[in-house]
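In what follows, a single structure is set out as structure tokens and then discussed.
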Amino acid sequence: MDLRERIARRRSGRQHGRVIVDRDQLSPVVHPAEPVGRGPVLEQLLDALEPVFDGALPPPVAVVGPPGSGTSAVVTASFAALNEQLGGSSRAIATTTRGGRSEPVTWFVTVDGRRVESAFAFYRAVLAGLSTEQVPNGGVGTDELRDRLRDRLARADRRAVVAIDHHDEPGTLGADRVRELLSPVADSVATVAVGHREPDGHHGPTVTVPSYRDHELVDVLTERASSGLAAGALAHDAVRELAGWADGNAHDALAALFGAAVLATDDDADRLERRHLEAAWAAVPDDGVHVGRPLALSATRQRALLALVDLDATERPISETATAIADRSSLTAGTVERFLYELADDGVIERVPLQTVDTGGGGGRQPSTVEPRFPTLVFRALSTALDDKRSG
DNA sequence: GATCCACGGGAATACACGGATG
DNA sequence: CATCCGTGTATTCCCGTGGATC
């Protein structure tokens with residue numbers, strides 16, 4: 001990071017108070033261009049993709065690792081760098097418009113499974129990664145998009161390596177479904193499945209990303225804090241403690257750091273105090289889900305979750321919670337209730353059996369309540385679902 | 001006009017419990 | 001005593017509708 005960049009970040013960060021200099025540097029959903037301490041894994045991934053350097057397609061690759069190990073970060077960073085070297089969209093235009101000689105071009109596209117759940121959305125995402133042209137949002141059929149993709153890759157020496165991130169999370173397109181969608185262009189597309197486990201029947205190299213070790217996580221946090229927080233805002237032993245608490249999970253560690261920074265800002269403090277850190281990691285559930293999960297939901301669902309977080313709905317039956325949320329929004333209680341069940345089914349929130357016996361009418365099935373499974377402070381800070389309301 | 005998608009309503013099904021039935 | 005049944009609630013599942021986009 002050069003000086004100019006630092007100054008620019010300071011300027012843009014002013015509105016965030018005295019502690020936070022650059023929110024993006026702290027965000028668990030933003031990946032650095034150069035992941036810290038993941039050199040060996042990056043090498044393994046490049047090995048697996050080796051054929052692309054000879055203008056060929058690699059075999060199917062799987063990238064697997066436990067939650068918070070940085071699988072997405074590794075793939076995102078690698079693909080960005082590979083695009084620069086091997087002819088991503090911008091370069092492709094520069095080289096193909098000059099002279100007739102068509103150089104081998106390979107695009108590297110990552111598709112975020114959390115935000116791409118239909119065939120239509122999938123083709124759209126891949127096409128967007130393959131060209132700078134505008135891809136329609138609607139009004140055109142799925143078949144049309146598939147045909148465009150085929151046309152795009154039909155010419156010789158054009159291929160794409162498509163990473164499908166989070167292929168094994170609930171609600172996302174599975175690796176087999178992706179293969180099916182890409183079958184019309186199978187000769188020019190290779191896939192990289194990124195997730196917690198290999199796709200069923202995976203054949204081909206697998207890159208295994210291990211959990212961060214304690215000192216590596218310290219490095220990650222130190223790096224993020226140095227660019228995201230004001231100088232001296234975070235004591236070094238706090239970093240160690242944070243890393244120890246997170247137990248190798250970089251997402252949880254960053255979520256706690258971010259949450260603490262938000263709390264310190266609310267306090268108008270000039271450094272992260274112990275109470276901020278403790279409250280922040282209390283807001284990161286054990287064994288919870290990545291904050292990217294709720295952040296990828298539709299605006300209405302995010303609004304429902306924001307209300308849920310503010311409500312502190314513990315000990316309340318799900319139907320009551322739904323009514324309370326509905327009162328604060330334009331949604332019907334019935335719809336909110338269904339949302340909550342769906343979100344619980346996907347693991348974003350968790351149903352907890354409720355023991356209260358005093359249902360006057362007697363009989364009936366026991367109600368349950370719901371609890372967030374995602375980092376609440378981070379979600380509240382990053383969700384844009386209320387932005388239209390907030391500005392002004 | 002064609003198309004995708006999220007919302008909304010509600011039907012269908014599962015579960016809990018007490019009381020009736022054999 | 002084991003099982004079935006009725007009632008009330010919780011949970012899941014389905015599909016029509018309308019907004020947005022091209």
Side-chain angles (χ1 to χ4, degrees), chain A residues 111-152 169-174 177-178 180-182 184 292-308 311 313-373 383-389:
Chain A
V111 175
D112 182 354
R114 289 172 181 153
R115 293 170 187 274
V116 172
E117 301 183 352
S118 67
F120 180 85
F122 177 76
Y123 286 133
R124 208 183 110 65
V126 176
L127 273 171
L130 251 49
S131 73
T132 51
E133 292 164 30
Q134 202 66 25
V135 185
N137 275 318
V140 56
T142 304
D143 293 352
E144 163 74 18
L145 289 190
R146 193 196 51 225
D147 292 347
R148 282 199 205 184
L149 178 60
R150 191 155 40 192
D151 292 348
R152 184 87 191 147
E169 283 181 6
T172 61
L173 294 172
R177 178 82 175 117
V178 167
E180 188 184 324
L181 292 174
L182 289 175
R293 294 274 304 280
L295 287 173
L297 297 168
S298 71
T300 37
R301 275 156 217 253
Q302 290 195 40
R303 276 194 281 270
L305 285 179
L306 286 167
L308 175 70
L311 220 50
T314 48
E315 308 294 306
R316 275 214 268 182
I318 201 166
S319 56
E320 265 184 44
T321 305
T323 310
I325 293 174
D327 288 346
R328 302 173 168 213
S329 71
S330 58
L331 298 173
T332 320
T335 296
V336 174
E337 193 170 357
R338 186 171 49 75
F339 280 2
L340 293 178
Y341 282 120
E342 285 174 6
L343 293 167
D345 202 41
D346 287 348
V348 174
I349 58 183
E350 185 180 19
R351 289 219 314 266
V352 181
L354 207 52
Q355 298 299 346
T356 50
V357 213
D358 61 338
T359 36
R365 197 171 171 173
Q366 290 293 358
S368 47
T369 186
V370 289
E371 293 176 358
R373 300 296 300 148
S383 175
T384 55
L386 296 178
D387 274 5
D388 49 348
K389 235 175 164 182

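In what follows, chains carry the letters A, B, and so on, assigned in the order in which the sequence lines appear, proteins first and then strands, with residues in each chain numbered from 1.
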What does the B/S/- profile of nucleotides 12-22 of chain C look like, 5' to 3', with a 4.0 Å heavy-atom cutoff to protein? BB-------BB

For A:T335, which contact category applies under a 4.0 Å heavy-atom criterion: base, sugar-phosphate, or nothing? base

Contact under 4.0 Å: A:S118 side-chain N or O vs B:dC4 OP1/OP2: no

Does this structure show an ion pair linking A:E342 with A:R301, if we count only N-O contacts that are shorter than 4.0 Å? yes

Closest listed nucleotide, where the reference is the side chain of A:Q366 and the choices are B:dG8, C:dA10, B:dC17: B:dC17

Which residues satisfy the side chain to side chain donor-acceptor pair (under 3.5 Å) test with A:E117, sequence neighbours excluded? none

For A:G334, which contact category applies under a 4.0 Å heavy-atom criterion: base, sugar-phosphate, or nothing? nothing

Pair listing, salt bridge (charged side-chain N to carboxylate O under 4.0 Å, His left out) test, anchored in residues 134-143 of chain A, at least two apart: A:D143-A:R146

Let me know the distance between CG of A:L145 and P of B:dA2, rounded to the nearest Å. 18 Å

Under the side chain to side chain donor-acceptor pair (under 3.5 Å) test, which residues partner A:R373, sequence neighbours left out? none

Output the rounded distance in Å from CD (A:E350) to P (C:dT11). 13 Å

Does B:dC4 have OP1 or OP2 under 4.0 Å away from a side-chain N or O of A:T142? yes

Can you check the A:R115 CZ to B:dC5 C1' distance for me, whole Å? 16 Å

To the nearest Å, how far apart are A:Y123 OH and B:dC5 P? 13 Å

Taking 4.0 Å as the cut-off, does a side-chain nitrogen or oxygen of A:S368 come that near to OP1 or OP2 on C:dT11? yes

Expressed as a whole number of angstroms, how long is the span from A:R316:CZ to C:dA10:P? 15 Å

Could you list the residues that satisfy side chain to side chain donor-acceptor pair (under 3.5 Å) with A:Q302, not counting sequence neighbours? A:S383

Separation of B:dG8 P from A:R301 CZ (nearest whole Å): 10 Å

If the condition is side chain to side chain donor-acceptor pair (under 3.5 Å), which residues does A:R115 pass it with, not counting sequence neighbours? none

Side-chain atoms of A:F120 come closest, of B:dG8, C:dA10, B:dC5, to B:dC5

